[in-house]
Amino acid sequence: MARLLLRGFEIRKAYLDSAAQAQLIEVLRPILKSAPLFRPVMPSGKEMSVRMTSAGALGWVTDKAGYRYQPQHPKGMGWPSIPDPILDIWRDLASTERDPDCCLINYYGEGARMGLHQDKDEADFSWPVLSISLGDDALFRIGNTSRGGKTESIWLNSGDVVVMGGPARLTYHGVDRIRFGSSKLLPKGGRINLTLRVAS
Ligand code: SIN
Ligand code: MN
């Protein structure tokens, strides 16, 4: 379980063993049933290639009206609560003072990616964002706290956890590509990324 620091991001390689990863997939199953993945649309009108949903009091959504957190799924129902095994990871690596109010669930199918961006829709940047990788490998790119400049990339594997906080809280990051089919965790392949956020 190596701990790496890359541009201020703390990368916990293999934080979750295979049993813990399988347990997370089990607790995510009912969430995906009651709050199904949807295809988000950016304010520009372009669709994102990931599909997403959330758990927690607030979920992150985007559509033509913009990026925001809201208490309902786009179809109108409330988000399911964040399961304890996921909160345990936050309490171990991020904080025991306050739990996250959003667990954003991104699903990367074949060809999905995420452009370089900052996570900046939260009210208070003193809380970190914690990212959990499950399933296929992803090439994760880390930039700077402002747009442009050199970047560095690292492959994230299933079970890796990244803490994006402190001076790196607003560092640009994204996923260039996944290696579809590289993991057997998800029966149909692909990658799930969970990000835990204190949004409000
Ligand atoms: C994100 O930045 O929201 C997702 C990062 C990832 O998929 O690893
Ligand atoms: Mn992000």
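Atoms within each ligand, like the ligands themselves, are counted from 1 in listed order. These figures come from a predicted structure and were not determined experimentally.
Between H117 and ligand 1, at least one N/O pair is under 3.5 Å apart. Close N/O approach between H173 and ligand 1 is found [any backbone or side-chain N/O within under 3.5 Å]. In terms of N/O distances under 3.5 Å, ligand 1 is not approached by T195.
Checked by atom type, the side-chain pair S131/N193 shows a donor-acceptor distance below 3.5 Å. R169 and T171 share no donor-acceptor pair across their side chains, judged by distance under 3.5 Å alone. Side-chain contact check for N144 and S146: no donor-acceptor pair (N or O, by modelled atom type) lies under 3.5 Å.
Nearest N, O or S atom of H173 to the Mn ion (ligand 2): atom NE2.
Seen from the Mn ion (ligand 2), atom NE2 of H117 and atom OD1 of D119 lie 90° apart in angle, a value rounded to 10°.
The closest protein non-hydrogen atom to atom 7 (O) of ligand 1 is Y108 OH, 2.5 Å. The protein heavy-atom contact nearest to atom 4 (C) of ligand 1 is N193 OD1, 3.4 Å. Protein heavy atom in closest approach to atom 1 (C) of ligand 1: M114 SD, 3.7 Å.
Of all atoms in ligand 1, numbered sequentially from 1 with element shown, those under 4.0 Å from a heavy atom of R191 are 6 (C), 7 (O), 8 (O). Heavy-atom proximity to V175, at under 4.0 Å, picks out these atoms of ligand 1: 6 (C), 7 (O), 8 (O).
The aromatic rings of H73 and F38 lie perpendicular to each other, with more than 60° between the two planes, well past the 30° mark.
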May I have the step-by-step check of side-chain hydrogen bond (donor to acceptor under 3.5 Å, both in side chains) for R177 and Y108, ending in yes or no?
CA-CA 9 Å; R177 60 193 163 92; Y108 295 72; over 6 Å; no
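Taking 4.0 Å as the cut-off between side-chain N and carboxylate O, R197 and D119 count as a salt-bridged pair.
By the 4.5 Å heavy-atom criterion applied to side chains, L16 and Q21 are counted as neighbours.
The proximity of R197 to ligand 1, defined as any non-hydrogen pair under 4.0 Å, is limited to the side chain. Under 4.0 Å from ligand 1, not a single heavy atom of V162 appears.
A centroid separation of less than 6.0 Å is found between the aromatic rings of W60 and Y67.
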